[in-house]
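Take this structure first; my questions come after.
This chain uses plain numbering: 1 for the first residue, then up along the sequence. Whatever order the structure lists them in is the order used to number ligands and atoms, beginning at 1.
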Amino acid sequence: MAILIKTPEQIEGIRQSSRLAANTLKMIEGYIKEGISTGYLDRLMEEYMRDHGAVPATLGYHGYPKSSCISLNEVVCHGIPSNDTVLKPGDIFNIDVTTILNGYYGDTSKMYTVGEVSPAALRLIDVTRHSLDLGIQQVRPGNKFGNIGHVIGQFVRSKGFSVVYEFCGHGVGIEFHEEPQVEHSARRNSGAVMKPGMTFTIEPMINEGKPRTKIDKDDGWTARTIDGKISAQFEHTVLVTQTGVEILTLPDE
Ligand code: MF3
Ligand code: CO
Ligand code: CO
């Protein structure tokens with residue numbers, strides 16, 4: 001399978017789905033506080049997506065049981081929302097939502113904090129957000145996918161953190177996970193060439209300690225750092241335009 005070039009009509013569909021995914025994250029921000037469970041946040045987001053004509057892409061995806069992923073502290077990704085997981089002061093966490101609207105996929109995630117958070121955790125979050133920005137700045141026709149991972153990897157390591165390599169960004173839009181795999185640590189000028197009409201995610205997972213992850217045996221999903229240190233992630237869906245990049249997962253202002 002080659003990397004899909006989307007038609008203008010498909011791009012408009014992906015744009016609308018992506019905006020709804022971003023609006024879902026914006027909506028949930030107002031509910032985040034100490035004492036709230038991640039299961040409750042998941043239900044609110046599912047309701048919001050359905051009220052806006054979409055379905056959550058994660059629900060039933062390879063058997064995944066919920067409408068979002070909510071990954072706390074040392075959980076790298078694919079944390080399963082639960083009524084038993086209750087937010088407490090000092091927590092940092094990622095919420096990742098993917099919408100299917102009129103058949104089109106939009107995928108985005110960001111970090112949230114509860115109460116007062118350690119300076120080290122805030123630094124990890126800042127570095128991760130900036131690494132995504134640097135990756136997005138590499139998106140333009142003619143550039144190589146490897147340069148996204150190259151700039152992210154260089155920056156993150158210069159700050160003393162590590163890049164998770166066991167999970168990647170991905171083509172998205174017509175399917176949830178399309179070609180190519182977008183690596184967040186890569187050799188300069190490696191990989192395929194970006195072309196107008198490609199849509200894909202960039203979603204660096206950055207660890208305070210070692211890059212390796214392990215998946216919980218009991219649920220088969222929750223990916224944790226092997227050393228128990230914290231992890232952060234931000235994700236956008238982007239479009240390669242004729243001249244550069246359009247970030248599709250921005251909320252209405
Ligand atoms: N949204 C995740 C991504 O960014 C994928 C979640 S798949 C699930 O690719 F099954 F874990 F929900
Ligand atoms: Co994704
Ligand atoms: Co995602």
Which residue owns the protein heavy atom closest to atom 2 (C) of ligand 1, what's the atom, and how far is it?
Asp96 OD2, 3.4 Å

Strictly under 2.8 Å, is the Co ion (ligand 2) approached by any N, O or S atom of His177?
no

Could you list the atoms of ligand 1 found under 4.0 angstrom from a heavy atom of Glu203?
3 (C), 4 (O), 9 (O)

For His78 and Trp221, take the angle between the two ring planes, folded into 0 to 90°, and tell me which bin it lands in: parallel under 30, tilted 30 to 60, perpendicular over 60.
perpendicular

Can you name the atoms of ligand 1, numbered from 1 with element, that are less than 4.0 Å from a heavy atom of His170?
3 (C), 4 (O), 9 (O)

Quick note on ligand 1: atoms under 4.0 Å from a heavy atom of Tyr61 include exactly 7 (S), 10 (F)

Could Arg43 and Glu47 be called an ion pair, given the rule that one side-chain N must be under 4.0 Å from one carboxylate O?
no

Quick one: which of His78, Lys66, His177 has a heavy atom closest to atom 9 (O) of ligand 1?
His177

For the Co ion (ligand 3), find the closest N/O/S atom on Glu235 and give its atom name.
OE1

Using a cut-off of strictly less than 2.8 Å, determine whether Glu203 has an N/O/S atom near the Co ion (ligand 3).
no

Ring centroids only, cut at 6.0 angstrom: are His130 and Phe155 within range, meaning strictly under it?
yes

Would the number of heavy atoms belonging to other residues, nucleotides or ligands and lying under 6.0 Å from OH of Tyr61 be above 12?
yes

Taking only heavy atoms of Thr98 into account, list the atoms of ligand 1 that are under 4.0 Å away from them.
1 (N)

Option with minimal heavy-atom separation from atom 3 (C) of ligand 1, where the choices are Val97, Asp107, Thr237
Asp107

With side chain to side chain donor-acceptor pair (under 3.5 Å) as the test, pick out the partner of Ser17 among Thr99, Thr237, Asp107.
Thr99

Is the shortest side-chain N to carboxylate O distance from Glu246 to Arg15 below 4.0 Å?
yes

What protein heavy atom is closest to atom 5 (C) of ligand 1, reported as residue, atom name and distance in Å?
Phe176 CZ, 3.7 Å

Looking at Glu29, Glu235, Glu203, which one forms a salt bridge (charged side-chain N to carboxylate O under 4.0 Å, His left out) with Lys110?
Glu29

Can you tell me the protein heavy atom closest to atom 12 (F) of ligand 1 and the distance?
Thr58 CG2, 3.0 Å

Regarding Asn94 and Ser109, is there a side-chain donor-to-acceptor distance under 3.5 Å anywhere?
yes

Taking only non-hydrogen atoms of Phe167, do any sit less than 4.0 angstrom from ligand 1?
no

Ile92, Phe161: one ILVMFWY side-chain cluster at the under-4.5 Å cut-off?
yes

Under-4.0 Å heavy-atom contact with ligand 1, by part of Cys69 that carries it:
side chain

Taking the N/O/S atoms of Asp107 one by one, which is nearest to the Co ion (ligand 2)?
OD2

Looking only at N/O atoms, are Glu235 and ligand 1 under 3.5 Å apart anywhere?
yes

Using a 4.0 Å cutoff against the non-hydrogen atoms of Trp221, which atoms of ligand 1 qualify?
8 (C), 10 (F), 11 (F)

Verify same cluster id: Val114, Tyr31 (apolar side-chain graph, 4.5 Å)
yes

Phe93 and Ile32: CA distance, side-chain angles, deciding distance, side chain to side chain contact (heavy atoms under 4.5 Å, CB included) verdict
CA-CA 11 Å; Phe93 64 104; Ile32 289 166; 3.8 Å; yes

